[in-house]
Protein chains: 2
Amino acid sequence: MPGTKASESTRREQILSAAYAVAARRGLQGTRIQEVAEHAGVSHGLVLFYFKSKRGLLLALLDWLLATTTVLHVGRDIIRLRSPAARLQALLRQEMNRLSNEPVRIRLTFDFWTAGIRDAEIRLKMQQELQRYRDAFRPLATSVLAGDPVQFRGVTADGLAAVSVSVIKGCAVQAMIDPEHFDIRQFLAATESLMALMLRPAAA
Amino acid sequence: MPGTKASESTRREQILSAAYAVAARRGLQGTRIQEVAEHAGVSHGLVLFYFKSKRGLLLALLDWLLATTTVLHVGRDIIRLRSPAARLQALLRQEMNRLSNEPVRIRLTFDFWTAGIRDAEIRLKMQQELQRYRDAFRPLATSVLAGDPVQFRGVTADGLAAVSVSVIKGCAVQAMIDPEHFDIRQFLAATESLMALMLRPAAA
DNA sequence: TTGCGTATTGATTGACGAGTCAATAGCTTC
DNA sequence: GAAGCTATTGACTCGTCAATCAATACGCAA
């Protein structure tokens, strides 16, 4: 009764992409191996053959999710921008675009955050991701701080990076839960004004 | 075999508070009626007698959670503060204190956010809560905008309120998932500097 | 072509947990 | 103290789903 065979990497990919679709629809806990298997066109036994347990599947899915997420790529076009605040701004804008363009991915990530509350292994991976996120912001934050040492006395680059990340993640939360009353454009306009404030030279 | 009886409101309270404890530990999906019952010292049949289903219990828990959450109380001490930005600042600080002092509550709220992704009834309640949150910030935001119409051209009070909420919620996310690398003090220092920027009169 | 190794299947098991319900004990009323 | 109401119980049913495993067909090597 076995069907046609395929290479291991093909099968894993196939199953993971099915798991992605199912988990997006049903949530992590609500993901049934049966449904993933159907979606991938294989038997549920095969899913367990490759990933050994549901937990194994979900952990692999998380790795896959993080690996296929364009990790906050500070592209050349952004680096080219002269002012640090302008770069920070471009980064924010880029990330917020992701929010509208990849809602499914964001939703899943969200789900993994929650799972991470109780599962140490998941939490570790999410911590690393947050850290990468903050790290990506830090050099920019450093430049901004250097631009106005007086105003930013006592503020660390880490602190400012964390705030930047907060704005993004907080935006994600609102956009996800309350898309109707949450206007991304207004949000962007407000953040950009705040950026501009950081740019503005200190009043002599 | 029935045990001693109690008033309906007592029992509901008793069960809900047990559900709170259990849900905090196990997560919403992981909450078993059996465990809630044991924790409340009643039979699991009674839990269903009062709440009719697991879903009913969780929805009631959500109501209870929102009702017992000090809803962003803009206290007298805050209102008394002269400058709007100072009030905004005080509000932010107050909310961030909640993050450290009531981690359990925050974790549960987080869980409900995730549940709200797939459950319309839960989502609605969470939307209302976000809306209340933004509403509480709006008057302050309005004042801030009025203070520097040039700088904030094109920025709406809603937008600025949404950013404020983002900062809080994003802070919650990071504090929850990565408490080790997330330094609330640095975070506060950074936000306060940003607040100060908004206060600063435009350079002539 | 034959034979071997393994990827694949699907029937099966076992556990768990939500929801039902008839029996019953506690409270209230007269 | 009797009767009636209902809150409370716990045994039960039913469905679901993860995980196991023996059987089997496919692909490959000789």
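Predicted model, so just to flag it, every value in this text is computed and none were measured. We use all heavy atoms of the structure for the numbers below, so side chains are in, but hydrogens, waters and symmetry mates are not. Letters A, B, ... are given to chains in the order of the sequence lines, protein chains preceding strands, and every chain is numbered from 1.
With rounding to whole Å, B:Phe49 atom CZ is found 16 Å from D:dG10 atom C1'. With rounding to whole Å, A:Arg26 atom CZ is found 14 Å from D:dT16 atom C1'. One interatomic measurement links the two molecules: CG of A:Leu46 to P of C:dT9, which rounds to 5 Å at whole-angstrom precision. One can place CZ of B:Arg11 at 11 Å from P of C:dC27, the figure rounded to the nearest angstrom. Atom-to-atom, CD of A:Glu38 to C1' of C:dT8 comes out at 16 Å; the value is rounded to the nearest Å. Per the geometry, CD1 belonging to B:Ile15 stands 12 Å off P belonging to D:dA7, to the nearest Å.
Qualifying side chain to side chain donor-acceptor pair (under 3.5 Å) partners for A:Arg107, counting only residues two or more places apart in sequence or in other chains: none. The side chain to side chain donor-acceptor pair (under 3.5 Å) test applied to A:Thr114 returns B:Thr114, not counting sequence neighbours.
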Checklist outcome for this item: Letter by letter from the 5' end, nucleotides 17-23 of chain C scores (B base, S sugar-phosphate only, - none; protein heavy atoms under 4.0 Å) SSBB---

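For the residue pair B:Thr69 and B:Arg98, no side-chain donor N or O sits within less than 3.5 Å of a side-chain acceptor on the partner.
The shortest non-hydrogen separation linking B:Asp178 to B:His181 is OD1-ND1, 2.9 Å.
Using cut-offs of 30° and 60° for the angle between ring planes, the A:Phe110 and B:Phe110 rings count as parallel.
Between C:dG10, D:dG10, C:dC27, one nucleotide has an atom nearer to the side chain of A:Ser43 than all others, and that is C:dG10.
Contact annotation: B:Tyr50 reaches the phosphate of D:dT8 (side-chain N/O to OP1 or OP2, under 4.0 Å).
One distance of note links CE of B:Met176 with CZ of B:Phe182; it measures 11.0 Å at 0.5 Å rounding.
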